[in-house]
Each structure stands twice: as structure tokens, then as C-alpha cells.
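These notes concern the structure reproduced below.
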Amino acid sequence: MVSRRTLLVMMATVVVLHRSRTLCAAASAAAAPPATTKQARTPALFVFGDSIVDPGNNNALTTTVRCNFPPYGQDFPGHNATGRFSNGRVPSDIVASRLGIKEHLPAYLGTELSDFDLLTGVSFASGGCGFDPLTAELVSVLTMDNQLDLFKEYKEKLERVASGAHRAADIVSRSLYMVVTGTDDLANTYFTTPFRRDYDLESYIEFVVQCASDFIKKLYGLGARRINIAGAPPIGCVPSQRTNAGGLERECVPLYNQAAVVFNAALEKEIKRLNGSDALPASVLQYIDLYTPLLDMIQRPDAYGFNVTNRGCCGTGVFEVTLTCNRYTAEPCRDPSKFLFWDTYHLTERGYDLLMAQIINRYGV
């Protein structure tokens with residue numbers, strides 16, 4: 001049998017060992033560097049592109065490509081029609097929220113921006129634009145170069161708010177940049193108007209990709225290092241294009257989808273060529289595939305809880321967009337959450353939420 005004295009010694013030894021382990025664990029925790037939050041890693045989000053990520057810049061422009069009126073924004077906080085081309089949030093808001101930066105990414109133009117907004121990022125995107133400068137000029141909106149000019153102006157404001165050029169440059173270099181455009185180049189400028197028909201489709205795609213490459217280089221030259229560039233969606237399955245070229249049954253248009261596939265392949269190849277190259281050292285460029293997840297949502301609506309994916313929620317859903325999607329002539333559907341598209345070009349907030357969930361799961365933020 002174990003004596004009382006031996007038992008006491010054994011219990012004391014266990015206590016000492018437990019205290020020793022606790023002290024070691026505490027020491028290790030103290031020595032370890034503090035966890036870095038997503039907000040610390042990504043101080044701000046800057047967005048360039050078209051109506052998919054325009055939160056209201058076009059409100060300040062003389063253009064028909066605008067939506068700062070109901071029923072747009074009916075599910076945005078305060079039921080406010082901010083100029084976002086949806087019933088609620090758009091992808092730039094979703095990414096900003098996921099990064100822990102802020103819930104909504106404001107427009108740079110026509111907005112009273114606080115110091116906090118300037119420090120944490122804005123969107124320069126303009127609905128109706130494309131990499132091809134003619135695309136924006138045709139509808140009197142900001143070209144991608146115009147958006148870069150606004151970014152230059154913004155950087156001067158940032159220096160004042162950030163109390164110096166050094167901190168401002170640090171914010172610019174460590175932030176995330178989103179570029180979302182190119183759809184209107186194909187859907188509108190090439191397929192709908194005659195103004196680029198001196199190009200065959202293959203040559204036009206090469207031209208647009210070169211414009212995209214030039215934009216990325218210019219953005220890098222202004223201090224951006226981490227840039228995500230989205231490809232085109234399945235253009236032929238967007239409700240407006242079904243109406244325009246899908247026949248009586250409004251089917252998806254194979255030629256338009258194939259054009260998006262060819263464009264995306266060329267754009268991805270160019271991004272890979274530029275990424276971390278001698279011309280763009282320390283760059284982190286990432287191509288984002290919108291085509292595959294959105295096509296899956298269109299083709300398998302039941303898997304995502306949608307009832308309708310071939311027309312928009314606004315009005316008849318076959319032609320309404322911007323000015324024709326209004327409270328006087330285009331009553332919205334009762335439950336936008338059952339529709340993938342809000343109008344004939346843009347997704348509902350729920351559509352964007354589910355799309356971005358797939359993209360963030362694949363690429364991170």
C-alpha cells in the first residue's frame with residue numbers, strides 16, 4: 001500500500017508540474033506576436049469599373065445611366081436609392097464588409113466623405129463604362145482613365161487626412177483594389193452598336209484586353225500592388241441580351257457567351273503574364289472568374305433558392321433597366337429574393353450575396 005507521506009509527495013509533484021505548464025503556456029502566449037486582423041492587413045478597399053460596383057458616382061454625371069430613384073435601393077438601409085444598380089448592396093459593399101473595413105463602400109463623386117471614408121476606401125466605378133474608352137463615351141460616363149484621375153485627386157486628400165505622405169503611401173500600397181468591367185464593351189459597344197465593327201470579334205477582344213493591361217499598369221504606377229480583376233459574366237444569359245438576341249423564347253445567346261469565354265481566357269493570360277513581372281515587381285494580381293459561378297446559378301436556380309433567372313424583378317423583367325425601371329411604370333416583384341436578377345443587367349442583393357460567397361470561398365479576400 002502507498003504510505004500517506006508518499007501520497008502527499010505525489011500530489012505535490014502534480015501541482016508543481018501543472019503550474020510549470022501553465023507558466024510556460026503563458027510565457028509562449030506573451031512572446032507570440034499579436035494576431036493580425038483582416039482590417040489591419042487591408043486598411044482600405046478601392047474599386048474601379050462599371051455598374052456592377054458603382055455605388056452612385058453616376059449621380060454626379062449628366063447621363064441616362066443612373067438609378068438614384070425607386071425602386072432601386074428598396075432593400076438598402078433606409079430604403080435609400082443611392083445610385084447602386086440593385087435593390088440593395090452591391091459586390092463592393094459585400095467585400096468591404098467581409099474585410100471588416102466598413103459595411104458600405106461609398107461613391108467618390110457627389111458624396112460628403114468623412115475622414116474615415118477617405119482612410120478606408122471608396123469606389124470610383126461608373127455604370128456604363130468599359131476598358132474600351134469608347135464604351136463610356138457613348139453614354140457620357142467616366143472612362144477608366146477618368147477614374148484613375150479621380151484616384152490621383154483622392155490621393156491628395158488622403159495625404160491631408162492621413163497626416164502625411166508616408167502614411168498615405170502605406171495605405172495605398174497595402175490596400176485591396178477591385179477592377180470590375182468589360183461586360184459593356186462586348187454587350188453594348190461591340191454587339192449592339194456599329195462603332196467597333198471595323199474589328200472582327202477576335203481583334204476587338206485583343207484590343208479590349210490590351211486596354212485592360214494598360215489600365216492595370218497605370219494603377220500599379222499610382223501605388224496599387226494587390227489588384228483583383230474580374231472577368232466577364234455569361235453575357236448571353238443576361239436578361240437584356242436574351243431579349244435582344246435570344247429569339248422568341250429568349251434563350252441564352254451562344255455567340256455572346258463564347259465571346260465572354262474567349263475574352264476571359266485572354267484576360268486571365270495577360271494578368272498571369274503581368275503578375276510579379278519585372279515591369280510590375282511586387283505586384284499581386286489575381287483574375288476572378290465570375291462566369292462559372294454565375295452560369296451555375298442561372299442553370300441550377302433550385303440549388304440556390306431562386307424561382308426566376310431569365311428575367312429581372314423590376315417590371316416585366318425583359319427590358320427594364322435604369323430609367324425604365326422606375327416606380328411609375330415598373331412595379332417590382334413581390335419577393336426579390338426569389339429572383340437572381342433585379343433588372344435586365346444587374347443582380348438582386350441576394351444574387352450578389354450568393355455569387356460573392358462563392359468567389360470569396362474560392363479566392364479569399
Side-chain angles (χ1 to χ4, degrees), residues 28-49 52-53 55 89-108 113-125 147-148 150-152 154-180 215-231 268 271-272 274-277 280-290 293 352-365:
S28 296
T36 304
T37 65
K38 286 185 177 180
Q39 187 169 359
R41 288 199 306 269
T42 307
L45 174 66
F46 300 103
V47 177
F48 300 82
I52 295 174
V53 286
R89 298 187 305 164
V90 294
S92 44
D93 300 314
I94 295 166
V95 173
S97 177
R98 184 64 179 263
L99 286 168
I101 293 174
K102 50 191 172 187
E103 286 305 301
H104 305 104
L105 195 76
Y108 178 73
L113 296 169
S114 66
D115 289 356
F116 174 77
D117 283 327
L118 291 170
L119 289 167
T120 53
V122 294
S123 174
F124 303 97
Q147 294 179 36
L148 287 176
L150 292 178
F151 182 52
K152 294 174 188 175
Y154 159 83
K155 287 174 65 179
E156 294 177 2
K157 296 179 181 179
L158 179 62
E159 285 191 15
R160 294 194 293 271
V161 172
S163 302
H166 179 75
R167 186 185 173 208
D170 181 64
I171 291 172
V172 167
S173 67
R174 293 193 299 114
S175 293
L176 176 63
Y177 295 77
M178 286 174 59
V179 181
V180 186
F215 176 83
I216 293 167
K217 293 171 187 173
K218 291 173 185 175
L219 184 57
Y220 175 91
L222 292 173
R225 291 297 178 268
R226 184 180 164 206
I227 310 171
N228 288 350
I229 306 99
E268 183 176 17
I271 289 167
K272 287 180 177 178
L274 292 174
N275 186 36
S277 64
L280 278 64
S283 61
V284 181
L285 311 180
Q286 183 169 224
Y287 168 79
I288 305 295
D289 175 19
L290 296 181
Y352 280 134
D353 277 336
L354 293 175
L355 176 63
M356 294 309 296
Q358 293 183 75
I359 288 169
I360 291 170
N361 183 59
R362 177 175 178 181
Y363 300 101
V365 290

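We use all heavy atoms of the structure for the numbers below, so side chains are in, but hydrogens, waters and symmetry mates are not. Keep in mind the model is a prediction, meaning the values are calculated, not measured.
Here the shortest heavy-atom pairing between Ser175 and Pro43 reads OG-CG, 3.7 Å. Residues Arg167 and Ala162 approach most closely at CD-O, 3.4 Å, considering heavy atoms. In terms of heavy atoms, Pro293 sits closest to Gln358 at CB-OE1, 3.6 Å. Looking at every heavy atom in both residues, Pro106 comes nearest to Gly121 through CD-O, 3.8 Å. Scanning all heavy atoms of the two residues, the minimum distance from Ser277 to Ser283 falls at N-OG, 4.4 Å. The two residues Ser123 and Pro55 have their closest heavy-atom pair at OG-CD, 3.3 Å.
With rounding to the nearest 0.5 Å, the separation of CG in Leu219 from NZ in Lys217 is 13.5 Å. Between atom CZ of residue Arg226 and atom OG1 of residue Thr42 there is a gap of 4.0 Å, rounded to the nearest 0.5 Å. Phe215 CZ to Leu148 CG: the interatomic distance, rounded to the nearest 0.5 Å, is 4.5 Å. Atoms CD1 and OG1, from Ile171 and Thr120 in turn, are 9.0 Å apart once rounded to the nearest 0.5 Å. The CD1 atom of Ile94 sits 7.5 Å away from atom CD1 of Ile360, with the distance rounded to the nearest 0.5 Å. Note: Ser92 OG to His104 NE2 = 10.0 Å, rounded to the nearest 0.5 Å.
Residues Asp353 and Arg89 form a side-chain contact, since some pair of their non-hydrogen atoms from C-beta on lies under 4.5 Å apart. Using a 4.5 Å heavy-atom threshold, the side chains of Leu45 and Arg98 count as separate. With contacts defined as side-chain heavy-atom distances shorter than 4.5 Å, the pair Val122/Leu150 does not qualify. At a threshold of 4.5 Å between non-hydrogen side-chain atoms, the residues Leu119 and Leu158 count as touching. Looking at heavy atoms from C-beta onward, Ile52 lies in side-chain contact with Pro91 at the 4.5 angstrom threshold. Looking only at side-chain heavy atoms (C-beta outward), Val95 and Val47 stay at 4.5 Å or farther from each other. Looking at Leu113 and Lys157, their side chains never come closer than 4.5 Å, going by heavy atoms from C-beta outward.
Looking at Lys155, its side chain never comes within 3.5 Å of a backbone N or O of Val172 through a donor-acceptor pair. No donor-acceptor pair under 3.5 Å is formed between the side chain of Tyr108 and the backbone N or O of Phe151.
Ring geometry for Tyr177 versus Phe48: interplanar angle under 30°, hence parallel rather than tilted (30 to 60°).
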(request) In sequence, state the C-alpha distance, the side-chain angles, and the governing distance for Ile227 and Leu285, and then conclude on side-chain contact (heavy atoms from CB on, under 4.5 Å). (result) CA-CA 5 Å; Ile227 310 171; Leu285 311 180; 3.8 Å; yes
(request) Could you walk me through whether Asn228 and Tyr363 pass the side-chain contact (heavy atoms from CB on, under 4.5 Å) test, one step at a time? (result) CA-CA 10 Å; Asn228 288 350; Tyr363 300 101; 5.9 Å; no
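Cation-pi geometry between Arg225 and Tyr220 is met: under 6.0 angstrom from the ring centre, within 45 degrees of the axis.
At a threshold of 4.0 Å, the pair Lys272-Glu268 counts as salt-bridged, since one of the basic side-chain nitrogens sits closer than that to a carboxylate oxygen.
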